[in-house]
Amino acid sequence: MDDAMRRKLALFPIGIVQRLTDLTARQIRYYEQHALIHPERTHGNQRLYSFNDVERLLEIKSLIDKGLNIAGIKAMIGQPTPEIDYTPAMQAAAEEVRSELTENDLHELLMQELSARAGQRGNPVSMIQGELSRFFHGDRR
DNA sequence: GTTCTGACA
DNA sequence: TGTCAGCA
């Protein structure tokens with residue numbers, strides 16, 4: 001599978017995303033209510049986020065810090081957000097990854113993500129590194 | 001133990 | 001937004 005596909009795989013429960021973005025579960029769910037993100041759901045109705053979702057949340061976070069409200073964010077990045085074109089193959093791939101996702105594997109995945117998108121568009125690597133640093137070191141929670 | 005929805009200071 | 005309840 002290609003990189004674009006890999007970034008769409010629903011892999012992380014809200015707890016992981018919480019640490020990855022430094023946002024509270026409350027905020028993450030709130031942004032979903034306002035259609036800023038659309039995570040997948042497990043059979044048990046639990047949310048599963050993809051790398052794309054995490055990136056989007058980081059963008060949302062930066063805009064919130066700049067003082068924008070939900071409406072302002074929608075105007076900026078809040079496209080209709082169609083997506084959801086999961087193929088059976090992708091779902092299988094996602095389940096495969098999740099079943100063997102350990103903290104270290106996650107670290108590797110994130111590092112790949114980091115280098116894969118180094119210096120790309122409006123997502124300064126420096127910012128992402130800050131998030132990763134927070135995740136893999138002390139001040140969690 | 002973790003996540004989910006609904007509700008309220 | 002935080003937090004607590006009552007489930008799954």
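Just so we're on the same page: letters track the sequence lines, and every chain starts at 1.
- Every residue two or more places apart in sequence or in another chain was checked for a side chain to side chain donor-acceptor pair (under 3.5 Å) with A:Thr42, and none qualifies.
- Between A:Leu11 and A:Ala94 the shortest heavy-atom distance is CD2-O, 3.9 Å.
- Judged by distance alone, with hydrogens and angles left aside, the side-chain atoms of A:Lys61 form a donor-acceptor pair with the main-chain N or O of A:Thr21 at under 3.5 Å.
- For DNA chain C, the span of nucleotides reached by chain A at under 4.0 Å from its heavy atoms goes, 5' to 3', from C:dT1 to C:dT3.
- In this entry the distance linking CD of A:Gln18 with C1' of B:dT2 reads 11 Å, nearest Å.
- Applying the side chain to side chain contact (heavy atoms under 4.5 Å, CB included) test to A:Ala75 and every residue at least two apart in sequence or in another chain returns nothing.
- Panel note: side chain A:Glu55, backbone A:Asn52; no donor-acceptor pair is recorded below 3.5 Å.
- A donor-acceptor pair under 3.5 Å is formed between the side chain of A:Arg56 and the backbone N or O of A:Ile77.
- Residue whose closest nucleotide on DNA chain C sits further toward the 5' end, between A:Gly44 and A:Ile64: A:Ile64.
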Pairs under 3.5 Å (N/O, protein and nucleotides 5-9 of chain B):
unit_1: B:dT5; atom_1: OP1; unit_2: A:Arg41; atom_2: NH1; d: 3.1
unit_1: B:dT5; atom_1: OP1; unit_2: A:Arg41; atom_2: NH2; d: 3.1
unit_1: B:dT5; atom_1: OP2; unit_2: A:Arg47; atom_2: NH2; d: 2.1

Base-pairing string, 5' to 3', of DNA chain B - Watson-Crick or wobble, under 3.5 Å, | interstrand
.|.|||||.
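- Between A:Ile14 atom CD1 and B:dC4 atom C1' the separation is 9 Å, expressed in whole Å.
- Every pair tested for salt bridge (charged side-chain N to carboxylate O under 4.0 Å, His left out) that includes a residue from residues 63-78 of chain A fails, sequence neighbours excluded, so the list is empty.
- Residues passing the salt bridge (Lys or Arg N to Asp or Glu O under 4.0 Å) test with A:Arg41 are A:Glu32, sequence neighbours excluded.
- When the C1' atom of B:dT2 is taken as reference, atom CZ of A:Arg19 falls 12 Å away, rounded to whole Å.
- Residues A:Phe12 and A:Asp53 have side chains not in contact (no heavy-atom distance under 4.5 Å, counting atoms from C-beta outward).
- For A:Ala71, the side chain to side chain contact (heavy atoms under 4.5 Å, CB included) partners two or more places apart in sequence, or in a different chain, are A:Asn69.
- Using a 4.0 Å heavy-atom criterion, one finds that A:Gly15 contacts the sugar-phosphate atoms exclusively.
- Of all heavy-atom pairs spanning A:Leu58 and A:Leu20, the tightest one is CD2-O, 4.3 Å.
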